[in-house]
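See below for the structure under consideration.
Keep in mind it's a predicted model, so treat the numbers as computed, not measured.
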Amino acid sequence: MKCIYCGCEESKVLDSRSTDETNSIRRRRECLHCGRRFTTYETVETTPILVVKTDGARQPFDRNKIIGGMIKACEKRPVSLSQIETVAMEIEKNLQNKLQQEIRSNEIGEMVMNALKDLDEVAYVRFASVYRQFKDITSFKKLLEEM
């Protein structure tokens, strides 16, 4: 880390603390050349993800939309909010690990359905019935038979 006072690239870390609100690390450093102290902040660099909707529109990825959909599907079911948030974080982490700048909304929907299938079967059926937009009872029966 370059010293902000003299430009020397040699410094030592005196103290490291995580900051609660921004998921970053605050480091107190001392320059080995001039002896002055300064503070740096380190954050994880993430690439923004755009969701490509079925109509071709693009919008920024929003984990809260996943949480909202799962809350509706899990209404009056024995699924806690922490379980829903954990699933949403896992989906977001998987999307970040793909290193793609754009992802189709149907891929996200499939990821949510697969997670709900393991979490609660009734919630899975609820989500699938809205997500897949069943036109008639036979397509709904087909989903139930696949389970």
Side-chain angles (χ1 to χ4, degrees), residues 1-134 139-140 143-144 146-147:
M1 183 60 61
K2 216 177 216 185
C3 175
I4 59 172
Y5 302 107
C6 70
C8 178
E9 294 187 11
E10 301 283 325
S11 66
K12 67 179 179 178
V13 175
L14 302 174
D15 183 38
S16 290
R17 295 183 186 181
S18 63
T19 59
D20 296 330
E21 60 276 346
T22 59
N23 291 333
S24 63
I25 296 176
R26 176 186 177 271
R27 297 199 193 279
R28 192 72 181 139
R29 297 177 178 270
E30 182 178 351
C31 177
L32 296 177
H33 183 259
C34 68
R36 295 182 76 180
R37 294 181 179 186
F38 57 98
T39 302
T40 60
Y41 291 90
E42 294 179 21
T43 58
V44 176
E45 188 174 326
T46 58
T47 55
I49 299 173
L50 289 178
V51 178
V52 181
K53 308 294 267 182
T54 53
D55 65 354
R58 286 166 171 73
Q59 60 184 178
F61 173 79
D62 184 4
R63 181 174 25 142
N64 291 327
K65 287 188 176 186
I66 292 174
I67 292 172
M70 290 180 67
I71 286 173
K72 287 178 187 172
C74 295
E75 192 172 308
K76 296 183 182 179
R77 299 297 305 155
V79 179
S80 70
L81 183 60
S82 65
Q83 288 175 300
I84 292 171
E85 288 174 341
T86 300
V87 167
M89 285 188 334
E90 286 296 317
I91 290 172
E92 184 176 19
K93 186 169 38 169
N94 288 340
L95 294 174
Q96 290 286 348
N97 288 340
K98 285 186 174 191
L99 300 176
Q100 295 176 339
Q101 290 182 336
E102 293 184 350
I103 188 151
R104 299 192 104 20
S105 60
N106 61 348
E107 289 181 53
I108 296 172
E110 292 295 326
M111 293 172 95
V112 172
M113 283 199 330
N114 289 335
L116 282 174
K117 195 176 207 178
D118 296 335
L119 201 58
D120 186 87
E121 289 181 342
V122 173
Y124 165 73
V125 171
R126 285 178 181 170
F127 188 87
S129 67
V130 173
Y131 176 71
R132 293 220 172 123
Q133 300 175 347
F134 294 127
S139 55
F140 190 71
L143 172 74
L144 292 175
E146 289 175 4
M147 288 179 62

- [ ] Determine, step by step, whether Cys34 and Cys3 satisfy the side-chain contact (heavy atoms from CB on, under 4.5 Å) criterion, reporting the C-alpha distance in whole Å, the side-chain angles of both residues, the deciding distance to 0.1 Å, and the verdict.
- [x] CA-CA 9 Å; Cys34 68; Cys3 175; 3.8 Å; yes

Mind listing the closest non-hydrogen atom pair of [X] and [Y] along with its distance?
X: Gly69; Y: Phe127; value: O-CD1, 4.1 Å
X: Met111; Y: Leu95; value: SD-CD2, 3.8 Å
X: Val87; Y: Ala115; value: CG1-CB, 3.4 Å
X: Tyr5; Y: Arg37; value: CE1-O, 3.5 Å
X: Leu119; Y: Gln83; value: CD1-NE2, 3.9 Å
X: His33; Y: Cys6; value: ND1-SG, 3.8 Å

To the nearest 0.5 Å, tell me how far [X] [atom1] sits from [Y] [atom2].
X: Ile84; Y: Asp120; atom1: CD1; atom2: CG; answer: 9.5 Å
X: Ile91; Y: Phe61; atom1: CD1; atom2: CZ; answer: 7.5 Å
X: Ser105; Y: Glu110; atom1: OG; atom2: CD; answer: 10.5 Å
X: Cys31; Y: Met1; atom1: SG; atom2: CE; answer: 12.5 Å

Can you list the steps and then say if Ile49 with Gln96 is a side-chain contact (heavy atoms from CB on, under 4.5 Å)?
-> CA-CA 8 Å; Ile49 299 173; Gln96 290 286 348; 3.8 Å; yes

ask   = Taking everything shown except Arg26 itself, do over 12 heavy atoms lie less than 6.0 Å from its CZ?
value = yes

Inset, instruction - Begin from the C-alpha positions of Met89 and Arg63 and carry the test side-chain contact (heavy atoms from CB on, under 4.5 Å) through to its verdict. - result: CA-CA 8 Å; Met89 285 188 334; Arg63 181 174 25 142; 3.0 Å; yes

Discussion item. For Arg27 and Ser16, which I'm curious about, is there any donor-acceptor pair between the side chains at under 3.5 Å?
Written reply: yes

Quiz item: Would Glu107 and Lys98 satisfy salt bridge (Lys or Arg N to Asp or Glu O under 4.0 Å), going step by step from the backbone distance to the final call?
Solution: CA-CA 12 Å; Glu107 289 181 53; Lys98 285 186 174 191; 3.4 Å; yes

With a 4.5 Å cut-off on side-chain heavy atoms, are [Y] and [X] touching?
X: Thr54; Y: Asn106; result: no
X: Val52; Y: Ile103; result: no
X: Ile67; Y: Lys65; result: no
X: Cys74; Y: Leu116; result: yes
X: Leu81; Y: Ile71; result: yes
X: Pro60; Y: Val51; result: no
X: Tyr124; Y: Val112; result: no
X: Ser11; Y: Phe38; result: yes

Does a salt bridge link [X] with [Y], judged by any charged N lying under 4.0 Å from a carboxylate O?
X: Arg29; Y: Glu10; answer: no
X: Lys93; Y: Glu90; answer: yes
X: Lys53; Y: Glu102; answer: no

The single option from Met70, Lys72, Arg77 that satisfies side-chain contact (heavy atoms from CB on, under 4.5 Å) with Arg126 is Arg77

